[in-house]
Amino acid sequence: MPLYHDDDQAMLADSASQFMREEGAIAKQLRHWRDKDCKDGFGHELWKQFGEMGFTGILVGEDDGGLGMGHVEAGIVLEEIGRNLTPSPFLASSVLAATALQHGGDEVRGRYLPGLISGDSVFAVAIDEGAKHRPETIRTKAEKSGNGFKLSGRKDFVVHGASADMIVVAARTSGSDDDKDGITLFAVPKDAANMSHDAVRLVDSSMATHTTFDGVELDGDAVIGEVDGGREILDKVLVAGRVGSAAEGIGVARGAMDMTVDYLKQRKQFGKLIGEFQALQHRAAHLYSEVEIARAAVIKAAQLLDGGSDKADLMASVAKAKVAAAAGLAVREGVQMHGGIGMTDEYDIGLYMKRDRALQEFLGDRYYHAGRVAEMSGY
Amino acid sequence: MPENADLDAFRAETREWLEANCPPEMREPVRDEDDVYWGGRNASFKNDAQKAWFEACRDKGYTVPAWPKEYGGAGLSPAEAKVLRQEMAAINARPPLSSFGIWMLGPALLHFGTEEQKRHFLNQIARGEIRWCQGYSEPGSGSDLVSLQTFGEDKGDHWVVNGQKIWTSYADNADWIFCLVRTDKDDKYRGITFMLFDMASEGVSTKPIKLISGNSPFCETFFDDVKVPKSYGEGIPAQVGEVNRGWDVAKYLLGHEREMISGADGGERTSAIGAAMKRIAGELDPVLRAELAMFDVDALAYACMGEKFLDEIKVGKAHPAQPNMMKYAGTELNKRRYELMMAAGGSQALEWDSEETGGGKTARGWLRTKANSIEGGTSEVMLNVISKRILELPGA
Ligand SMILES: Cc1cc2nc3c(=O)[nH]c(=O)nc-3n(C[C@H](O)[C@H](O)[C@H](O)COP(=O)(O)OP(=O)(O)OC[C@H]3O[C@@H](n4cnc5c(N)ncnc54)[C@H](O)[C@@H]3O)c2cc1C
């Protein structure tokens with residue numbers, strides 16, 4: 001399979017690009033909701049439009065009413081989201097939660113997928129416990145109780161947690177904190193008693209929660225997949241989410257780079273366009289090279305994942321780490337090459353820097369994933 | 001998405017063919033310079049395995065798999081060529097023939113040559129009969145190549161060429177040269193002719209230059225009243241493209257040269273090294289381990305870029321200036337690779353000619369890689385080209 005978008009994918013990219021540019025634009029969405037101090041951090045109307053476009057169910061199988069497409073296609077949508085900084089539950093709901101639900105039984109799929117596909121429901125995923133992503137350790141416990149379970153613990157960085165109609169929670173049903181096995185995924189509904197959210201606004205004005213489960217009663221059909229068999233699904237959720245966030249990250253990088261290169265062609269100092277200065281040309285060219293390479297890794301990781309390759313996990317970490325480096329460079333160089341105006345809230349380049357920072361942390365930063373690459377390679 | 005059935009069949013056939021034709025010795029990493037077969041009039045094989053592998057590939061058109069059959073290739077489609085590349089990589093098969101003819105002159109001839117030129121020269125290249133060298137750089141014209149001064153005076157049915165080239169790789173072993181010669185002193189860009197001539201011509205002499213790695217693979221090349229006939233037969237002019245329009249050919253060729261130097265086609269250059277470095281160093285210092293991990297991320301990501309670039313270039317989707325980006329990124333990466341290899345190797349990696357180190361292979365390789373970001377156009381020049389042609393930044 002060639003490592004570029006085929007004709008269908010190119011068409012999808014065109015329509016996603018046009019849609020995000022028109023409907024998901026920074027002024028219309030990110031700034032609009034931020035300046036209103038919106039508690040969701042995104043617009044539900046736009047999410048419904050995502051549903052009309054078919055994006056919401058892009059990874060959901062056709063039998064369940066979705067488009068049955070792959071991670072290359074989800075990545076195409078995410079790249080446009082990143083480019084326009086469009087706030088939406090797409091990554092959390094349509095990539096992470098949808099991947100988890102795909103492994104659920106008929107009951108749980110039937111309960112949740114239609115709402116996702118129509119854009120009526122928002123789902124979140126609760127994995128992290130602590131400020132850094134360490135999914136190897138899971139302390140949140142679900143103890144057997146009658147026909148169901150009782151969930152106790154605390155999760156952090158639950159993106160869209162307070163807006164979610166359902167949260168996929170990774171909890172321990174057996175074994176000790178660091179065990180690989182003994183994990184179960186639960187679909188916890190919004191109105192569950194004894195669940196409380198401490199909602200926080202993040203640097204990029206997206207919303208997340210610290211969510212506490214204080215003996216949340218769940219019945220047996222809240223289980224996604226098998227009891228104690230959640231690690232395998234969790235790993236699939238993680239790899240999908242990492243490739244997805246890398247795709248969004250590369251969109252952020254390209255958006256910031258394009259803005260910056262345009263600025264180099266407009267701004268004059270010393271009687272010249274600043275883009276004539278070789279010091280800036282070389283930095284821009286180096287940035288271009290890094291961004292191109294990172295993007296190739298993202299597409300490759302998505303292709304491997306869609307092809308069911310056993311190299312997908314390694315390449316997902318490569319992509320996540322490489323994008324973190326390239327996008328970080330793009331936003332830092334972006335602000336610097338804009339000079340003073342780059343520091344103003346009025347100008348968009350700073351928004352790219354903020355979004356990149358949040359994506360860097362999501363599902364593991366550059367250091368975490370480079371470390372994983374080393375471990376998987378045997379050193 | 002499954003690959004189509006034809007391609008699966010081709011993959012199976014290729015595997016079988018490689019199994020039958022690629023000797024085990026040819027699946028070992030290249031150790032010495034004489035493990036590389038360059039062909040040419042004075043070539044000799046290191047051993048029977050090298051000979052058998054070369055001849056099998058030559059007869060099948062696999063020295064240049066994607067070239068048309070009438071020019072000595074196998075006429076493979078881009079998808080088939082990729083399969084062959086993958087299958088060769090999977091068994092670590094060495095390239096059967098290395099040559100500037102394949103990497104540089106061939107692509108330029110395919111694009112600019114006359115039909116007769118192609119038939120004549122490309123077949124020679126594919127069959128490894130003639131070894132070529134590249135006469136571009138001059139003492140006063142490196143990055144600013146277009147200022148070159150070697151002059152060819154028009155004498156009717158021939159030119160008389162005078163001047164000096166420098167850094168001419170393997171000039172002392174080459175049979176023929178593709179050479180940039182000024183044929184109009186009044187027009188900088190439209191006064192250069194891309195000439196082909198025999199290094200055995202009277203008046204051509206070479207003087208090897210020793211590199212910091214201790215080898216001397218390149219030379220100063222002198223032309224002293226060298227007579228270059230204007231034609232080598234019916235439809236075979238001595239120049240590629242038109243007279244005085246050699247700059248276009250020269251630039252086109254540089255794109256291919258840069259692609260080759262970039263290591264886009266994978267192999268050793270784009271693999272992860274951390275695990276091997278741990279075996280060498282025993283215990284890795286944690287900070288070195290971290291640097292190796294960051295390097296491996298970059299190397300594996302670059303391998304994806306190489307694959308993407310080659311896929312795109314075959315169907316015209318790559319930006320025409322993209323080889324410059326590949327060359328910049330690939331060579332800078334390779335230099336980092338060797339810095340880390342030296343670091344992991346410690347004092348043993350310093351050994352210059354001991355048997356244990358294969359004659360200072362790491363140290364010499366480390367020094368050799370420093371040329372990667374100079375030869376074929378420096379990294380700074382690559383960045384200039386990217387900013388101008390890809391980012392379309394203003395000025396100069
Ligand atoms: C191992 C090796 C093999 C080679 N093989 C061949 C061969 O077979 N045939 C052949 O013709 N040539 C060959 N070359 C020559 C090579 O192409 C030149 O060395 C190269 O183009 C640089 O030219 P230069 O050495 O004159 O350096 P210079 O052009 O003098 O450069 C010196 C420094 O100035 C920088 N610089 C120059 N111009 C600019 C600018 N505009 N902006 C910013 N920085 C600039 C360069 O990047 C470099 O850092 C080979 C070189 C090496 C090292």
Side-chain angles (χ1 to χ4, degrees), chain A residues 1-6 70 72 257 261 264-265 272-278 280-290 292-301 303-304 306-307 311 314-315 317-326 366-367 369-379, chain B residues 1-3 7 78-79 82 272-279 281 284 289-312 314-315 317-319 322 324-326 328-329 332-333 379-380 382-388 390-396:
Chain A
M1 201 187 319
L3 199 49
Y4 50 76
H5 294 149
D6 65 24
V72 174
M257 179 172 75
V261 170
L264 295 179
K265 297 175 188 173
K272 282 181 181 178
L273 291 166
I274 56 171
E276 292 180 53
F277 297 122
Q278 195 184 48
L280 298 190
Q281 291 184 342
H282 281 195
R283 282 160 59 182
H286 172 71
L287 171 61
Y288 167 81
S289 156
E290 289 297 289
E292 282 286 286
I293 294 167
R295 185 163 182 266
V298 172
I299 301 177
K300 181 73 185 183
Q303 278 192 0
L304 290 173
D306 288 336
K311 292 205 185 86
L314 173 69
M315 202 46 79
S317 279
V318 168
K320 186 80 169 72
K322 183 71 192 183
V323 168
R366 185 176 165 221
Y367 307 103
H369 285 290
R372 241 179 138 245
V373 168
E375 259 161 47
M376 281 188 271
S377 312
Y379 65 97
Chain B
M1 263 174 282
E3 288 177 343
L7 221 48
K82 182 174 181 177
I273 57 171
M277 293 305 107
K278 187 181 176 176
R279 282 194 294 278
L284 286 174
R289 176 183 181 270
E291 285 221 21
L292 284 165
M294 291 300 184
F295 174 83
D296 282 353
V297 166
D298 286 337
L300 293 170
Y302 182 76
C304 300
M305 185 67 232
E307 182 184 347
K308 182 162 181 280
F309 166 72
L310 291 180
D311 285 345
E312 289 185 330
K314 299 270 157 53
V315 293
K317 275 182 192 272
H319 191 289
Q322 196 79 327
N324 300 281
M325 184 284 272
M326 293 300 299
Y328 166 67
E332 294 297 332
L333 188 74
S379 280
E380 290 75 18
M382 297 305 99
L383 292 171
N384 286 346
V385 180
I386 295 167
S387 30
K388 253 140 246 159
I390 300 181
L391 302 179
E392 298 176 344
L393 288 171

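Letters A, B, ... mirror the listed sequences (proteins, then strands); counts begin at 1.
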Side chain, backbone, both or neither: which part of A/Val373 has a non-hydrogen atom closer than 4.5 Å to chain B? side chain

Below 4.5 Å from any heavy atom of chain B, which atoms of A/Arg283 appear? Answer side chain, backbone, both or neither. neither

If I take atom CD from residue A/Glu292 and atom CD1 from residue B/Ile386, how far apart are they, to the nearest 0.5 angstrom? 9.5 Å

For A/Lys300 and B/Glu307 the tightest heavy-atom approach is NZ-OE1, 2.9 Å

Looking only at heavy atoms, which two atoms of A/Gly378 and B/Ala275 are closest? And how far apart? O-CB, 4.4 Å

Could you walk me through whether A/Gln281 and B/Asn384 satisfy the side chain to side chain donor-acceptor pair (under 3.5 Å) test, starting with their C-alpha distance in whole Å, then the side-chain angles of each, then the deciding distance to 0.1 Å, before giving a yes or no? CA-CA 7 Å; A/Gln281 291 184 342; B/Asn384 286 346; over 6 Å; no

Within a strict 4.5 Å, meaning less than it, do heavy atoms of the A/Glu276 and B/Leu393 side chains meet? no

For A/Met315, which atoms come within 4.5 Å of any heavy atom of chain B: side chain, backbone, both, or neither? side chain

Which bit of A/Gln303 is near chain B, if near means a heavy-atom gap under 4.5 Å: side chain, backbone, both or neither? neither

Donor-acceptor pair, side chain of B/Lys308 and main chain of A/Ala297, under 3.5 angstrom: no

Honestly, the part of B/Leu284 sitting under 4.5 Å from a heavy atom of chain A is side chain

Contact winner vs chain A - B/Leu383, B/Val297, B/Leu300, heavy-atom pairs under 4.5 Å: B/Leu383

Full working for side-chain contact (heavy atoms from CB on, under 4.5 Å) between B/Met294 and A/Arg366: CA-CA 9 Å; B/Met294 291 300 184; A/Arg366 185 176 165 221; 3.7 Å; yes

Checking B/Lys314 against chain A: side chain, backbone, both or neither under 4.5 Å from a heavy atom? neither

Does a sphere of radius 6.0 Å around OH in A/Tyr4 hold more than 12 heavy atoms from other residues, nucleotides or ligands, not counting ones at 6.0 Å or beyond? yes

Per-residue contact mode, A/Ile299 against chain B (heavy atom under 4.5 angstrom): side chain

Under a 4.5 Å heavy-atom cutoff, which of B/Gln322, B/Arg279, B/Glu332 has the most pairs with chain A? B/Gln322

Look up atom OG in B/Ser387 and atom CG in A/Leu264, then write down how far apart they are to the nearest 0.5 Å. 10.0 Å

Gap separating the NZ atom of B/Lys82 from the CE atom of A/Met1, nearest 0.5 angstrom: 8.5 Å

Find the one option among B/Ala79, B/Ser379, B/Cys304, B/Gly306 whose heavy-atom pairs under 4.5 Å with chain A are most numerous. B/Cys304

Hey, mind stepping through B/Met277 and A/Tyr379 against side-chain contact (heavy atoms from CB on, under 4.5 Å) and telling me if it holds? CA-CA 9 Å; B/Met277 293 305 107; A/Tyr379 65 97; over 6 Å; no

What part of B/Tyr302 gets closer than 4.5 Å to chain A, counting heavy atoms only: side chain, backbone, both or neither? both

B/Val315, part contacting chain A, at a heavy-atom distance under 4.5 Å: side chain

Please assess B/Glu380 against A/Gln278 for the test side-chain contact (heavy atoms from CB on, under 4.5 Å), listing each intermediate value before the final yes or no. CA-CA 10 Å; B/Glu380 290 75 18; A/Gln278 195 184 48; 5.9 Å; no

The interface call for B/Leu310 against chain A, heavy-atom contacts under 4.5 Å, is neither

Counting heavy-atom pairs under 4.5 Å to chain A, which of B/Arg289, B/Met382, B/Glu312 comes out on top? B/Arg289

Does any heavy atom of chain A fall under 4.5 Å from the side chain of B/Glu392, the backbone, both, or neither of them? both

In this structure, NZ of A/Lys265 is separated from CG of B/Leu391 (nearest 0.5 Å) by 7.0 Å

